[in-house]
Amino acid sequence: MAGRVVIDEAFFARGVVQVARELIGCVVRHDGAAGRIVETEAYHHDEPASHSFVGRTARTATLFGPPGIAYVYRSYGIHALLNAVCEDEATGAAVLIRALQPLDGLAAMRARRGMQDVEALCSGPGKLTQALAVELEHNGTSLLDGPVRIEPPPAGTSAPELVAGPRIGITKATDLPWRFSQAGSRYVSRPWPARTARGRAA
DNA sequence: CATGGGATTGACT
DNA sequence: GTCAATCCCATGC
């Protein structure tokens, strides 16, 4: 009971950074496959790296929907990226799911990815959507009771130790430490630098 | 209506 | 380390 996370609309309605931290350890499930979230990034309306920064358009309309729905978009013409919409409908905030530790449906994941290495099946935002067969058609569907679901951490799993750092692959607002991952996980999209990304060691 | 860029990945030097 | 692949859509004329 104590410490047990409940995934409902109120969970996603809170601050996007808080949600990004608490999603580490939760489970994403779709079409016979599931994985534990080991890496996320937060995106908020008020910073230029976010798609919603330009305001509500045909592309970003989903970001201005209710909390707890999926925002799926195509990146570089090839990859579908999965986000969870957070806060309220006026905000346009979302958490990008960047990496999973495969749990169930390993055979299905390997078939969809066309490779075997379990550490590379879901170690990136474009990889995990391919492994779970998440497509653009899931844009706007509910993550609470839709085809693609986010579930609480399995009972008995302890709270993961978190690492925070700057976000990856963006050209704006790169100073915000809004990337979170499970410390020491071998399933993240990119390893963390030996010295902290904050320049601590200099 | 034409153009340019992107929250990436995989293959190659 | 470098670079191409390839779709959607925001922006500008």
Side-chain angles (χ1 to χ4, degrees), chain A residues 12 15-21 23-24 28 35 37-65 67 69-87 91-102 109-141 143 148 150 163-182 185-194 197:
Chain A
F12 291 103
V16 66
V17 173
Q18 172 82 1
V19 176
R21 297 177 62 93
L23 279 177
I24 302 292
V28 181
I37 299 174
V38 295
E39 183 178 353
T40 61
E41 284 178 2
Y43 287 88
H44 192 270
H45 175 210
D46 292 326
E47 38 97 11
S50 173
H51 289 176
S52 60
F53 185 72
V54 296
R56 183 187 174 110
T57 65
R59 180 197 199 188
T60 63
T62 308
L63 283 168
F64 293 94
I69 65 173
Y71 169 52
V72 185
Y73 75 97
R74 188 170 300 288
S75 177
Y76 291 91
I78 305 175
H79 310 286
L81 270 59
L82 172 65
N83 301 252
V85 175
C86 296
E87 306 198 15
T91 304
V95 174
L96 170 69
I97 311 297
R98 284 194 58 90
L100 304 178
Q101 173 183 346
M109 288 188 186
R110 286 177 166 135
R112 291 166 186 151
R113 293 275 292 115
M115 49 88 76
Q116 300 298 313
D117 181 6
V118 68
E119 291 186 14
L121 280 180
C122 300
S123 60
K127 298 179 184 178
L128 69 92
T129 54
Q130 184 182 20
L132 293 187
V134 172
E135 306 291 347
L136 293 190
E137 67 193 60
H138 298 115
N139 185 39
T141 61
L143 293 167
V148 183
I150 293 184
V163 184
R167 295 171 293 183
I168 292 177
I170 57 174
T171 57
K172 304 159 192 164
T174 54
D175 54 315
L176 292 173
W178 283 2
R179 177 196 183 205
F180 304 99
S181 75
Q182 179 176 330
S185 175
R186 293 162 297 164
Y187 302 92
V188 298
S189 62
R190 281 208 57 174
W192 292 82

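Labels below follow one simple rule: chain letters A, B, ... track the order of the sequence lines, proteins then strands, and each chain is numbered from 1.
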> Can you tell me the distance, in whole Å, between the OH atom of Tyr71(A) and the P atom of dC9(C)?
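So the two atoms are 9 Å apart, to the nearest Å.
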
> As an exercise, state the distance from NE2 of His51(A) to OG1 of Thr62(A), rounded to the nearest 0.5 Å.
12.0 Å

> Would you say the side chain of Leu128(A) lies within less than 4.5 Å of the side chain of Val28(A), judging by non-hydrogen atoms?
no

> Tell me which nucleotide, if any, is Watson-Crick or G-U wobble paired with dT2(C) when both distances must be under 3.5 Å.
dA11(B)

> Look through every strand shown and name the nucleotide pairing with dC9(C) as Watson-Crick or G-U wobble, where both distances are under 3.5 Å.
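Pair assignment: dC9(C) / dG4(B).
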
> Atom NE2 of His45(A) and atom P of dA7(B): how far apart are they, to the nearest Å?
16 Å

> State whether Thr57(A) places a side-chain N or O below 4.0 Å from either non-bridging phosphate oxygen (OP1 or OP2) of dA10(C).
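Thr57(A) to dA10(C) OP1/OP2: side-chain N or O found under 4.0 Å.
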
> Quickly work out the Tyr73(A) OH to dG5(B) P distance and round it to whole Å.
17 Å

> CD1 of Ile78(A) versus C1' of dC3(C): gap in Å, rounded?
12 Å

> Need to verify one output field. Residue with the more 5' nearest nucleotide on DNA chain B, Met115(A) or Ala49(A)?
Ala49(A)

> With a non-hydrogen cut-off below 4.0 angstrom, is Arg98(A) in contact with a base, only sugar-phosphate, or nothing?
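Touches sugar-phosphate only.
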
> Let me know the distance between CD1 of Ile168(A) and P of dG6(B), rounded to the nearest Å.
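Nearest whole value for this atom pair: 17 Å.
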
> Is there a donor-acceptor contact under 3.5 Å linking the side chains of Gln130(A) and Arg113(A)?
yes

> For the pair Arg179(A) and Glu39(A), find out whether any cationic side-chain nitrogen is under 4.0 Å from an anionic carboxylate oxygen.
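Glu39(A) and Arg179(A): salt-bridged.
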
> Answer yes or no as to whether dA7(B) has its base stacked against Tyr43(A), where stacking requires a ring-centre separation under 5.5 angstrom and planes under 30 degrees apart.
yes

> Identify the two heavy atoms, one from Leu96(A) and one from Pro125(A), that lie closest to each other, and give their separation to 0.1 Å.
CD1-CB, 4.4 Å

> Of the nucleotides dA7(B), dC8(C), dT8(B), which one has an atom closest to the side chain of His51(A)?
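Selected nucleotide: dA7(B).
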
> Report the nucleotide, chosen from dA7(B), dC8(C), dT8(B), that has the shortest atom-to-atom distance to any side-chain atom of Arg74(A).
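Nearest nucleotide to the side chain: dC8(C).
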
> Tell me which nucleotide among dA7(B), dG10(B), dT9(B) gets nearest to the side chain of Arg113(A).
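From the listed options, dG10(B) comes nearest.
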
> With a cut-off of less than 4.0 Å, is there a side-chain N or O of Lys172(A) near OP1 or OP2 of dA7(B)?
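For Lys172(A), the contact criterion (side-chain N or O under 4.0 Å from OP1 or OP2 of dA7(B)) is not met.
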
> Calculate the interatomic distance between Phe53(A) atom CZ and dG6(B) atom P; express it in whole Å.
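In whole Å, dG6(B) P and Phe53(A) CZ are 15 Å from each other.
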
> Mind calculating the distance between CZ (Arg190(A)) and C1' (dG10(B)) to the nearest angstrom?
14 Å

> Find the distance Leu81(A):CG to dT9(B):C1' and express it as a whole number of Å.
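In whole Å, dT9(B) C1' lies 11 Å from Leu81(A) CG.
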
> Heavy atoms only, 4.0 Å cut-off, all strands: where does Thr171(A) land among base, sugar-phosphate and nothing?
sugar-phosphate

> What's the closest nucleotide to the Asn83(A) side chain, out of dA7(B), dT11(C), dC9(C)?
dA7(B)

